[in-house]
Each structure stands twice: as structure tokens, then as C-alpha cells.
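Here the structure comes first, spelled out in C-alpha cells, and everything after it is commentary.
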Amino acid sequence: MRHALLDSPFHVPRATDASAMTMTAAMPTPDTHTVLGACPHDCPDTCGLVTTVQDGVAIKLQGNPAHRHTGGVLCTKVSRYLERNAHPERLTQPLRRVGRKGEGRFEPVSWDEALDHIAARLKTIAADEPQAILPYSYAGTMGLVQGESMDRRFFHKLGASLLDRTICSTAGGEALGYTLGGKVGMRIEHFAESKLILIWGSNAIASNLHFWRHAQAAKRAGARLVCIDPRRTETADKCDEHIALLPGTDGALALALMHELIVHDWLDHDYIARHTLGWEQLRERALQWPPARAAAVCGVPAAQIEALARDYGTTKPAAIRLNYGMQRVRGGGNAARAVACLPALVGAWRHRAGGLLLSASGQFPADRATLHRPDLLAGRQPRTLNMSSIGDVLTGGATVLAGGPAVKAVVVYNSNPVAVAPESAKVAAGFAREDLFTVVLEQFQTDTADYADYLLPATTQLEHWDIHFSYGHTDVMLNRPAVAPRGQARSNAWVFRELARRMGFTEPCFADDDETLCRQAFRPEAIDWAALERDGFATLPLPEAPFAEGGFPTPSGKCEFFSARLAAQGLDGLPDHLPNYEPAGSSAVYPLAMISPPARNFLNSTFVNVTSLRSMEGEPLVEIHADDAAARGIADGAMVRVFNARGEHRCRAEVSRRARPGVVNGLGIWWRKLGVDGTNVNELTSQRLTDLGRGPTFYDCLVQVEAVAA
Ligand code: SF4
């Protein structure tokens with residue numbers, strides 16, 4: 001029997017290209033077809049998917065070969081998506097807690113019973129103080145429908161607290177906004193024509209695979225690749241040079257590069273004069289950063305900084321692929337601003353293969369007002385709570401609660417805060433509050449799900465509608481459901497629609513179905529809907545070299561070295577180097593800096609429970625340099641205790657060339673309950689926030705490591 005959604009007029013099962021035709025031809029049963037979709041995960045690549053469905057079962061998943069940014073290739077993680085979809089531990093029915101919070105013991109209930117109960121409880125809390133209700137969501141799916149549509153309408157109508165969604169990218173995002181005017185930049189495909197690429201704060205091979213193809217093409221054509229990263233990543237291995245700076249010193253490096261560009265006059269004076277603001281002030285600031293000063297801060301040789309500046313100042317076109325790893329420190333916003341100033345200094349924006357890309361997401365004309373419906377607040381202005389401070393929000397006092405009431409109910413979807421939020425012992429303590437009513441929408445029983453009062457089974461990307469922007473390329477992507485939901489799983493939008501009905505919300509927007517929400521995400525004139533429906537993707541009509549003639553979307557229309565908007569807030573109008581809260585080498589008690597980049601086969605905390613991927617990772621580990629290991633008597637493979645004043649975490653030590661002296665790499669993000677002692681690296685990270693964007697400072701963390709008995 002065919003799934004009802006597949007009979008929608010919006011669904012056009014079709015083979016999309018020659019290879020898909022061949023695949024279909026090889027299995028010529030009447031009930032075999034392919035369905036086009038999009039990868040939902042928090043990854044810049046936003047790949048196109050082709051699911052082969054036979055008799056209602058997804059039997060094959062591949063990258064869409066017709067989508068140029070995917071090129072038919074998926075990463076190792078999503079290549080296992082069918083294994084994840086069919087996982088025996090998928091949640092297939094609504095559950096109600098029967099054990100203590102965190103114990104993870106539940107009993108099945110019907111959808112009606114669960115939703116009636118949840119609606120009644122939220123109604124009671126809202127009658128007293130709606131701001132005591134907090135939604136908590138992030139990029140478990142990047143989809144606009146399942147991530148930010150009916151849910152936002154529901155919480156706006158309710159008058160719930162607003163959530164400051166800061167946990168990944170706000171420091172860099174705001175930095176770009178103040179400097180370039182938004183999340184704008186080079187088109188990813190043009191990196192293939194660059195002659196010098198700085199891959200800055202990014203392990204592209206693990207987390208931006210499709211960019212890496214362009215970098216390789218550039219390299220084959222003679223380009224030089226330089227990786228700037230505290231860790232010697234798989235990407236660093238493949239680059240011509242690796243600059244292993246200390247965590248949180250990227251701003252100092254960028255300022256020293258400017259110093260060298262100035263003193264050697266490797267500047268594009270015409271571009272600076274016509275298309276930038278604040279040049280004289282920036283010049284004065286940068287001249288305070290000779291390479292020797294930056295070398296002492298960054299922990300790299302001054303000669304390496306000088307050589308990099310020479311390369312950057314004299315190679316055209318030069319491009320920077322910046323990623324978010326470098327902004328997860330106290331001065332992350334300033335550092336991203338400093339890096340974002342570099343292309344204008346050398347006139348790199350003149351070329352389509354020059355400039356910088358951190359995120360492309362600001363170029364998508366998404367109609368969020370229609371999706372979110374902030375008008376449903378009807379003049380109310382609920383407080384905003386920061387998701388990066390969820391531990392303090394759930395356990396803390398008036399300061400972090402923005403003067404409002406204690407949180408009495410939290411609804412978690414598309415996120416696993418007990419595993420991914422900083423200082424996780426506090427997060428777990430908050431979710432363990434017996435007086436906190438917790439609803440979790442999930443595909444699996446994650447660490448956070450263990451604390452739910454109601455645990456609701458969520459659909460996967462193969463089972464629901466969605467529409468996607470991307471932060472790595474500039475195509476809108478449509479995701480059609482390929483198969484029926486597993487068991488009683490339902491989409492997020494369906495759950496909030498049903499809750500809205502039970503709450504008595506009568507506005508017509510609460511009746512919009514998921515397919516309608518897809519259509520509302522972009523105004524019809526903003527994208528090529530015919531292409532989107534036909535191909536599964538629609539390319540935005542954007543200029544080849546967006547800032548060749550200036551025209552930055554800042555208030556001045558220029559690249560703003562000096563930001564009057566920052567100065568008006570009492571902040572430094574120029575970028576600077578702000579030392580970490582916990583600088584490497586500043587503590588005798590905790591002498592090692594720790595960063596926690598993603599393990600290659602996990603994506604944040606997603607895929608940790610997929611057996612084949614977890615077996616590739618083995619067990620939680622911390623990479624440590626041979627000198628640091630020897631000084632502590634730690635052998636390769638030894639069980640160690642990584643600790644600081646916030647907590648401790650046990651894992652295996654890998655004595656590795658991927659770690660530089662003085663810095664350990666705690667690969668994440670393991671589910672706590674799948675780790676050695678029920679913890680993960682976030683036991684050690686702090687809730688202190690970045691200089692811009694109120695983001696977390698995961699990579700601004702000092703620890704000590706010691707061997708323990710296995
Ligand atoms: S996680 Fe990234 S690389 Fe992997 S399939 Fe999804 S979008 Fe593509």
C-alpha cells in the first residue's frame with residue numbers, strides 16, 4: 001500500500017538522472033521509485049538525497065547526482081542514514097515517564113492521552129505565567145518546516161519565553177553582520193579557481209566534505225592550501241601547510257597579517273578607499289601587532305606568520321574558508337571580524353574566486369515572518385533566555401532568568417541539551433528538577449530524552465516534508481517524504497498543530513499542513529518553484545563576485561573595519577584580540593587547553609547511537625601530544641581522567657600528532673550514557689559567553705589530564 005503523502009500532487013516520484021535511471025532499470029518492479037530530498041543535518045553542505053523505495057521500504061539512499069553541490073556523494077555519516085532510520089531503538093510510540101527523572105523509564109500512552117495531558121499542563125502554567133514555558137530547539141534538523149514554523153507560531157501565541165539560539169554560530173554571525181553586513185560571501189564553487197585558500201578553523205574533510213572537493217580542484221590547478229587550526233586534522237594533513245595556533249588566538253594572527261600587509265604595502269589602496277570604512281583606525285590598530293607579538297600569543301613562529309602574510313598579500317585570487325570552530329572562545333566575535341577584514345585590504349573581493357565564506361545563509365530570501373508569525377505575540381514582549389546558559393537557566397537565580405519567573409516547563413525538539421550544552425552537570429541537574437515539566441520530541445532516547453515527562457516519537461527526514469536553505473551553498477532544497485512514518489512517529493509540525501488545537505488556538509495559520517508550510521517558506525517570486533519541484537533544488541540568482549564593486553549590505557554600503565553600531569553599544573568599534581577567559585598556559589593547576597571538535601563519524605550528538613559509526617569511533621578519547629603524555633606518565637590507550645573545577649570526564653588517551661603541545665582534543669559529542677562513566681567533554685566546558693552574539697565558549701577551557709586505572 002502506498003503512503004498517503006506520496007499521493008500528494010506535490011510528490012513526483014521520478015528518476016532524476018542517468019544513474020538513477022540505471023538504478024531504477026536494474027530493479028524494474030512496479031513499486032520501485034525514487035524520491036528526492038535534502039540532508040537535514042547541521043552541516044554546510046545541505047546535500048540533495050535520492051531515496052530508492054521498494055514496496056514502501058527505503059532500500060537505498062544516495063547523493064543526488066544532478067545537484068552539483070552534492071555531485072552524487074554523501075558523507076560516511078549520512079551514507080548510514082538507512083541504518084539509522086531502521087534502527088531497532090527508534091521511538092515508535094508516545095511514552096510517559098514512570099521512573100525518576102533521568103532514569104529513562106517510560107510506559108506507552110496513546111497520542112491523544114499524551115497530547116491532552118501536555119496541553120492541559122501547558123494551559124495551567126500559561127494561565128499563571130506563560131513565560132514560565134521555554135521552547136528549546138536547534139539544528140537537529142535544519143529544515144524550515146520541522147525546525148521553525150508551527151513550533152514558533154505555537155510558542156508566540158502562548159506568550160512563552162523566547163529562546164536565544166546561540167549554541168553554534170552567533171559570535172561569527174554577528175561579526176560578519178557588523179563587518180560585511182550579513183552572512184554573505186563567496187560562492188562555494190568558486191574556491192576551485194582560487195590560487196591560495198586559507199582553511200581557517202575548519203576540518204573540511206570531516207565537516208564540509210563538498211567544499212573539500214573544490215579545494216582539491218584548486219590544488220590540482222596549482223593553488224596552495226593552508227590550514228589554520230590548533231588540531232592537526234585530516235584536512236591539515238592534506239594541506240600544503242598547517243599553522244597550529246593556540247585556541248582563541250585567531251584574532252592576534254589576523255591582526256599580525258594586517259601588520260605585514262601594511263608594512264610591505266601588499267594593499268589594494270583603491271579598493272580600500274572606495275569600499276571600506278575605518279581604514280585609518282584599523283591601520284593604527286594593526287600596526288600594534290608585529291608578527292613577533294602575535295607569535296608569542298599564538299604559539300607559532302613569527303616567520304610562519306610573515307610567510308603567510310606574504311602569500312596572502314601577493315597571491316591572487318586568495319580565498320578564506322572560515323568556519324565556526326574559531327569563534328567558540330571569549331573573543332570569537334572579534335576574531336571573526338578581524339579575519340573578515342582581510343579580503344578588503346588586498347582587494348580579494350574583486351575576483352569571484354577571492355574573498356571569504358563563513359556562511360551563505362544570509363543570502364536566502366526565507367519568509368520567516370510568515371513561518372514564525374511573531375504577530376501572534378499581540379504586543380507582548382516575552383523575555384529571551386539564552387540556550388547556551390541552559391544549565392544556569394534551569395538551576396539559577398534572577399540574573400539569568402532576565403527578571404522573569406523560574407522555568408516550569410521546557411519543550412525540547414531538534415536538540416539534545418543534556419549532551420551538547422556546556423557545563424553539562426548543571427544542565428543535567430536542571431533537567432532533573434522534579435517540578436520541571438519536560439516534553440521531548442525525539443527519534444531516539446537520547447540523554448535529554450531520559451529526563452522527559454513525555455517523550456514523543458519524531459519522524460526522520462525520510463518520513464516528512466521540509467524545505468531547506470544552506471549555509472554552505474546557495475540552493476534552496478526541497479525534501480519530500482519517501483516512506484511512511486515508522487510506527488506512530490509524527491512530524492514536529494504535526495505535534496504543534498495538534499497541541500494548538502487542544503489549546504483552543506483558532507487562527508487559520510494553525511491549520512496549515514506541512515506541505516503548505518513548505519510553500520510558505522519562500523515567497524513564490526523569490527525562488528524558481530518549478531525547478532524546485534522538478535529537480536529538488538533551486539539555485540538563487542546571485543552575482544558571481546558579490547562585492548567586486550563594493551555594495552556590502554552594511555549601513556554604509558562598505559566593508560566596515562570600524563563599526564559605529566558596535567561603538568554605539570559601548571563596544572570597541574575595531575576588531576581586536578581578546579584573550580581567552582582561560583588562556584593556554586595561564587594556570588598551574590589546569591595547564592592544558594582543551595578543544596572539543598566533532599569526532600569524524602558523529603555530527604554534534606547525532607549518529608552516536610548508530611552502531612556502525614560508533615564502532616568506527618571506538619570510545620570517547622582525548623588526543624594528547626607525546627610530550628604532554630610523557631610528562632604525566634600517560635601511555636597511548638591509557639584510561640585517563642580529564643578534569644577541572646567544573647567536573648571530570650573519563651576517556652581513553654590517544655597519544656597523537658593531531659594534538660599540539662599544551663592543547664588536548666576531546667572529540668565530541670558522545671552521548672553521556674554511551675561514554676565510560678556517564679559523562680562527556682561538556683562536563684568540562686563553561687557557560688561563559690562570547691564577546692559578540694552571546695555564544696558558548698566551548699574551546700576556551702583549561703583542564704588537567706591524569707592516568708587512572710582502567
Ligand atoms: S551531513 Fe553534510 S556532507 Fe553529510 S550528507 Fe548531510 S549535508 Fe552532505
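In listed order, ligands and their atoms are each counted from 1. Numbering of residues begins at 1 and proceeds along the displayed sequence.
- The closest side-chain heavy-atom distance from S359 to Y324 is below 4.5 Å.
- A salt bridge links R657 with D237: the distance from a Lys NZ or Arg NE/NH1/NH2 to an Asp or Glu carboxylate oxygen falls below 4.0 Å.
- Take a cut-off of 2.8 Å around atom 4 (Fe) of ligand 1: the protein N, O or S atoms inside it are C75 SG.
- Using cut-offs of 30° and 60° on the angle between ring planes, the pair F537 and H67 is tilted.
- Counting only heavy atoms from C-beta outward, the side chains of T690 and L692 never approach each other to under 4.5 Å.
- Less than 4.0 angstrom separates some heavy atom of H210 from each of these atoms of ligand 1: 3 (S), 8 (Fe).
- For H468, there are no ring pair (Phe, Tyr, Trp, His ring centres under 6.0 Å) partners at least two apart in sequence or on another chain.
- Checked by atom type and distance alone, the side chain of D45 pairs as donor or acceptor with a backbone atom of L209 at under 3.5 Å.
- Under a 4.0 Å N-O distance rule, the pair R90/E463 qualifies as a salt bridge.
- Closest heavy-atom approach to atom 7 (S) of ligand 1 within the set N208, L49, T46: this belongs to T46.
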